[in-house]
Amino acid sequence: MDISVIIPVYNEEENLPVLYERLKKVLHDQKLQHELLFVNDGSQDASLERIHALAARDPAVKYIDFSRNFGHQIAVTAGLESCRGKAVVIMDADLQDPPEVVPELYAKWKEGYEVVAARRRARQGESVFKRSTAALFYRLLSRLTSVQIPVDTGDFRIIDRRVVEVLRRMPESHKFLRGQIAWIGFRQTTIEYDRAERLAGQTGYTFRKMLRLALDGITGFSDLPLKAVTYFGILVTVFAFFMTLYVLYSRYILEDYVQGWSSLMISVLFLGGVQMIAIGIIGEYLSRMNDDVRKRPLYIVRDTNL
Ligand code: UDP
Ligand code: MG
C-alpha cells in the first residue's frame, strides 16, 4: 500500500461522489496502490449510503462508521489508527482541499520529508469572519507555543508511516493534530495551494466547534495562560502592597479617609473579574485533564469494512 487517504465525513452526501471521482483519477494517474478511508462522523444525511455504494464497487474504499458525531479531529484519529499506507494523506471531504494537490504532497514525501503540510495561499468562499479569526488564531498560537505549527495550514497534509506510529502513541483525548504532528518533529515542510470553495452543503464547523478546537490547541501546547495568571497575580499583589502603605498613610497621617468609594468599587470589580478569568483558565486545563483521567474510548464504531 503506497498511500492511504483519510477523509472525515460529516454531512457530505453531495460531495462524496465528486470527491471519489477526482481522487481516483489523480491516484490512477500516479499509479499508486491506495486505500480511501472514509470516517463517517455521525452524518445525518445520506453520506453513509454514498460510502456504502462506493465500497460496494471498489475494494479500495474502506469506511468506519461512528455511533454518533465525535468531531473532526477524532474522526481523523480513527482513520490514523487503522490506515495501512506508507504515506498517509489527511483531507476534507468537501473538496476545499483539492485532490489535485495530492501528487505534489506525495512528490515532496518521496523527496524524504516525513511531513508535508499544505498551506492556504488563498481561501475562497469563506466569510471574512472565518478568515480573520483563523488568521488571528494561527498567529496567537505561534506566539503562545514553543512548537512550530505552520501558520495558515489546516489538517490537509501527507505524513509518513513513522509519524502515524507516534501519533498512535499519543493518548490525549483532546486532539489538536496539526500541533501534535509539529511536536513530533522529523523533516517537515509546506507547499502552497489555493483553498477552494466548499462544493456543496455547509460547514460542519460551528463557532462552538471552532472555539473548542482553538482552546484545545492552546491548552494542549502552551502553559502560558496559566503562567500569565500567576504573573498577573504577583503584579497585583505588589501594587496592593504599595496601595496599603498609601491607605495607612492617608488614614493616620493625612487623616483623609472618607472618600474612596469609587476607587474601592473599581478595584473590587476589576479584581473580581480577573479572578473569574483566572479560575476559568484553570478550569479549561482541569477539565481536559479530567477527560484524560477518565480514559474513555475516544470514539465508538458502529460498523466498518476494515
Ligand atoms: N467534519 C467532521 N466532523 C465534524 C465536523 C466536520 O468529520 O463534526 C468533517 C467535514 O465533513 C469535512 C472536514 O471535517 O470533511 C472539515 O469540516 P468543514 O468543511 O465543515 O470545516 P471548514 O472547512 O468549514 O472549516
Ligand atoms: Mg470545509
Side-chain angles (χ1 to χ4, degrees), residues 4-20 22-23 36-51 54 61-83 88-99 101-102 117-138 141 151-157 173-178 193-217 298-302 304:
S4 298
V5 184
I6 297 175
I7 306 153
V9 176
Y10 179 61
N11 296 343
E12 308 278 10
E13 55 181 1
E14 289 166 81
N15 299 326
L16 289 174
V18 186
L19 173 71
Y20 173 81
R22 278 172 59 182
L23 253 178
L36 308 183
L37 183 43
F38 293 93
V39 185
N40 181 35
D41 185 16
S43 300
Q44 288 126 17
D45 64 357
S47 294
L48 185 62
E49 283 78 1
R50 297 283 183 283
I51 295 169
L54 295 176
V61 173
K62 305 288 175 201
Y63 64 84
I64 299 172
D65 182 30
F66 280 179
S67 64
R68 63 169 171 85
N69 179 250
F70 281 91
H72 168 242
Q73 298 285 300
I74 299 297
V76 175
T77 302
L80 289 170
E81 279 168 10
S82 358
C83 65
V88 178
V89 171
I90 302 167
M91 68 188 292
D92 289 354
D94 59 1
L95 289 157
Q96 285 196 283
D97 305 332
V101 177
V102 172
R119 186 176 163 168
R120 298 155 182 179
R121 193 189 304 131
R123 305 173 67 140
Q124 277 137 36
E126 290 184 298
S127 67
V128 178
F129 178 75
K130 176 133 191 166
R131 273 179 313 187
S132 51
T133 49
L136 192 75
F137 168 64
Y138 289 125
L141 192 68
V151 295
D152 300 330
T153 61
D155 283 317
F156 187 24
R157 63 196 66 211
S173 55
H174 290 264
K175 304 282 181 191
F176 186 64
L177 290 166
R178 58 201 87 157
Y193 78 110
D194 292 319
R195 188 158 167 86
E197 211 167 323
R198 170 175 263 283
L199 183 74
Q202 45 188 311
T203 177
Y205 258 97
T206 55
F207 183 68
R208 270 174 84 99
K209 284 184 184 172
M210 274 186 353
L211 194 66
R212 197 175 313 149
L213 181 70
L215 283 175
D216 285 340
L298 293 182
Y299 54 86
I300 296 159
V301 175
R302 181 165 55 195
T304 170

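Counting starts at 1 for both ligands and their atoms, following the listed order. Keep in mind the model is a prediction, meaning the values are calculated, not measured.
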- Item | Nearest protein heavy atom with distance in Å, relative to atom 14 (O) of ligand 1 | H72 CD2, 3.0 Å
- Side-chain contact, heavy-atom cut-off 4.5 Å: R50 with E12? no
- Task: Examine the side chains of N15 and D94 and answer whether a donor and an acceptor come within less than 3.5 Å of each other.
- Result: no
- Task: Using a strict 4.0 Å cut-off to heavy atoms of A93, name the atoms of ligand 1 that fall inside it.
- Result: 12 (C), 15 (O)
- At a 4.0 Å threshold, what atoms of ligand 1 neighbour a non-hydrogen atom of E12? 10 (C), 11 (O), 12 (C), 15 (O)
- Message: Quick one: does any side-chain atom of D97 pair with a main-chain N or O of D92 as donor and acceptor, under 3.5 Å?
- Response: yes
- Note on the structure: Looking at T203, D92, D41, the heavy atom closest to atom 13 (C) of ligand 1 belongs to D92
- Pairing residues for R131 by the salt bridge (charged side-chain N to carboxylate O under 4.0 Å, His left out) criterion, not counting sequence neighbours: none
- Message: We want to know whether Q44 and N69 form a side-chain donor-acceptor pair, criterion being a heavy-atom distance below 3.5 angstrom.
- Response: no
- Query: Taking all non-hydrogen atoms of both residues, which atom of A93 and which atom of P8 are closest, and how far apart?
  - Reply: CB-O, 3.6 Å
- Query: Got the closest protein heavy atom to atom 20 (O) of ligand 1, with its distance?
  - Reply: G204 N, 2.5 Å
- Message: So if I count the atoms of ligand 1 from 1 in the order they appear, which ones are less than 4.0 Å from some heavy atom of N69?
- Response: 3 (N), 4 (C), 8 (O)
- In the protein, which heavy atom is nearest to atom 18 (P) of ligand 1, and how far is it? R198 NH2, 3.5 Å
- Is it true that R302 and D65 have a side-chain N and a carboxylate O under 4.0 angstrom from each other? yes
- Message: Can you confirm whether T77 sits close enough to F70 that some side-chain heavy atom of one is under 4.5 Å from a side-chain heavy atom of the other?
- Response: no
- Y10 six-ring centre to K209 NZ/CZ under 6.0 Å and within 45° of normal: yes
- Item | For atom 25 (O) of ligand 1, closest protein heavy-atom neighbour | K130 NZ, 2.7 Å
- Gap separating the CZ atom of R121 from the CG atom of D194, nearest 0.5 angstrom: 4.5 Å
- Message: I'd like to check the salt bridge (charged side-chain N to carboxylate O under 4.0 Å, His left out) partners of R22; sequence neighbours left out, ordered by chain and number.
- Response: E100
- Task: For the pair Y205 and H72, name the ring-plane relationship: parallel under 30°, tilted 30 to 60°, perpendicular over 60°.
- Result: perpendicular
- Note on the structure: The protein heavy atom nearest to atom 6 (C) of ligand 1 is Y10 CB, 3.9 Å
- ligand 1 contacted by K209 (non-hydrogen, < 4.0 Å): yes
- Task: Any atoms of ligand 1 less than 4.0 Å from a non-hydrogen atom of R195? List them with their elements.
- Result: 23 (O)
- Query: Hey, is M91 one of the residues with a heavy atom under 4.0 angstrom from ligand 1?
  - Reply: no
- Note on the structure: Honestly, for M210 the part within reach of ligand 1 (heavy atoms, under 4.0 Å) is neither
- Query: Which of the numbered atoms in ligand 1 are below 4.0 angstrom from a heavy atom of Q96?
  - Reply: 19 (O), 22 (P), 23 (O)
- Query: Is the closest N or O pair between P8 and ligand 1 shorter than 3.5 Å?
  - Reply: yes
- Query: So which protein N/O/S atoms does the Mg ion (ligand 2) have within less than 2.8 Å?
  - Reply: D94 OD2, Q96 OE1
- Tell me, please, whether Y193 has R195 positioned over its six-membered ring: NZ or CZ under 6.0 Å from the ring centre and within 45 degrees of its axis? no
- Task: Heavy-atom contacts with D94 under 4.0 Å: which atoms of ligand 1 show up? List them by number with element.
- Result: 19 (O), 23 (O)
- Looking at residues at least two apart in the chain, or sitting in another chain, which of them share a salt bridge (charged side-chain N to carboxylate O under 4.0 Å, His left out) with D216? R288
- Message: Quick test: of every protein heavy atom, which one is nearest to atom 21 (O) of ligand 1, and how far off is it to 0.1 Å?
- Response: Y205 CD1, 3.3 Å
